[in-house]
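Written below as structure tokens is the structure these notes are about.
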Amino acid sequence: MERPIAMNTLSQILEKLRLKGKDNELKMSDHGKMQSKSLGNIYKPEDLTIVKTYRFEGDSDPGDNSVLYLVEDKDKNIGYILDAYGIYSDNIGSGFDDFLKKIPTENRDEQELFS
């Protein structure tokens, strides 16, 4: 039986997603929608559900602050949206935040997501 590993860092969670074949990153496109390059899909907020959110705060460097959103599309594909927050955010303007606010949210258990 596989022993569960505590996931405390961003890199540990991303590695777990990769090992489970769920390393599907979604990024904001120029058209204001999320795009998955690995699946070739483009999503509107109503096409996704945030199923888990992780916040990471650096001990001494504000540049280490980030949020990882695990999302599921209507076809049950799991992916993620990664954002550094604060002044280090890659997403300029309100479009990214407005998009995220429109995505429905559930809070699923990690065992369900990573099994």
Side-chain angles (χ1 to χ4, degrees):
M1 183 168 169
E2 186 179 324
R3 186 175 177 180
I5 299 170
M7 294 185 291
N8 299 320
T9 67
L10 175 60
S11 60
Q12 287 173 323
I13 293 172
L14 291 175
E15 178 64 8
K16 184 79 167 188
L17 287 168
R18 186 189 70 75
L19 291 172
K20 295 293 183 179
K22 299 176 181 184
D23 58 341
N24 171 34
E25 184 176 11
L26 282 66
K27 291 190 172 199
M28 183 66 81
S29 71
D30 293 338
H31 306 309
K33 297 178 182 170
M34 288 290 168
Q35 183 172 4
S36 165
K37 296 215 184 242
S38 61
L39 294 178
N41 295 338
I42 296 175
Y43 300 103
K44 298 177 283 189
E46 59 269 20
D47 297 330
L48 300 168
T49 301
I50 296 172
V51 293
K52 192 76 175 169
T53 303
Y54 296 92
R55 284 195 186 278
F56 303 96
E57 296 183 6
D59 291 333
S60 61
D61 184 358
D64 291 339
N65 295 343
S66 60
V67 181
L68 179 70
Y69 303 94
L70 295 188
V71 294
E72 182 178 75
D73 69 13
K74 293 185 178 196
D75 294 325
K76 305 294 182 198
N77 296 309
I78 298 289
Y80 66 90
I81 301 168
L82 179 60
D83 185 39
Y85 59 89
I87 62 172
Y88 297 100
S89 177
D90 294 333
N91 300 294
I92 300 170
S94 63
F96 179 80
D97 291 335
D98 292 342
F99 189 98
L100 284 178
K101 289 175 187 174
K102 294 177 185 173
I103 301 175
T105 303
E106 296 177 8
N107 188 21
R108 295 202 192 144
D109 187 73
E110 283 182 350
Q111 288 182 337
E112 179 184 348
L113 294 168
F114 292 101
S115 61

*Nearest 0.5 Å, what's the OH-CG distance between Tyr54 and Leu70?*
5.5 Å
*Inter-residue atom distance Phe56.CZ - Leu68.CG, 0.5 Å rounding*: 6.0 Å
*Not counting sequence neighbours, which residues clear salt bridge (charged side-chain N to carboxylate O under 4.0 Å, His left out) with Lys76? List them please.*
Glu72
_By the salt bridge (charged side-chain N to carboxylate O under 4.0 Å, His left out) test, which pairs, at least two apart or in different chains, include something from residues 29-45?_
Lys44-Glu46
*Give the minimum heavy-atom separation between Leu39 and Asn24, together with the two atoms involved.*
CD1-ND2, 3.2 Å
*Identify the two heavy atoms, one from Tyr43 and one from Phe99, that lie closest to each other, and give their separation to 0.1 Å.*
O-CZ, 3.5 Å
*Inter-residue atom distance Tyr69.OH - Asp83.CG, 0.5 Å rounding*: 6.0 Å
*Would you say Glu15's side chain and Gln12's backbone share a donor-acceptor pair under 3.5 angstrom?*
no
*Side-chain donor/acceptor of Ser29 to backbone N/O of His31, under 3.5 Å*: yes
*What are the two closest heavy atoms between Gly79 and Leu26, and how far apart are they?*
CA-CD1, 4.2 Å
_Leu100/Ile81 under side chain to side chain contact (heavy atoms under 4.5 Å, CB included): CA gap, chis, key distance, verdict_ = CA-CA 10 Å; Leu100 284 178; Ile81 301 168; 4.1 Å; yes
*Atom pair OG/CG of Ser36 and Asn77 - distance to nearest 0.5 Å*: 8.0 Å
*In Å and rounded to the nearest 0.5 Å, what is the CG to CG distance from Leu10 to Leu14?*
4.5 Å
*Where do Asp23 and Tyr80 come nearest, in terms of heavy atoms and distance?*
C-CE2, 3.9 Å
*Would you call Asp73 and Leu48 a side-chain contact if the rule is heavy atoms closer than 4.5 Å?*
yes
*With a 4.5 Å limit on heavy-atom distance, are the side chains of Ile78 and Val71 in contact?*
no
*Partners of Asn107 by side chain to side chain contact (heavy atoms under 4.5 Å, CB included), sequence neighbours excluded?*
Lys52
*Can you name the side chain to side chain contact (heavy atoms under 4.5 Å, CB included) partners of Thr105, sequence neighbours left out?*
Ile50
*Could you list the residues that satisfy side chain to side chain contact (heavy atoms under 4.5 Å, CB included) with Lys27, not counting sequence neighbours?*
Glu25
_For Lys102, all residues meeting side chain to side chain contact (heavy atoms under 4.5 Å, CB included), sequence neighbours excluded_ = Pro45
*So how far is it from Asn65 CG to Arg55 CZ, rounded to the nearest 0.5 Å?*
9.5 Å
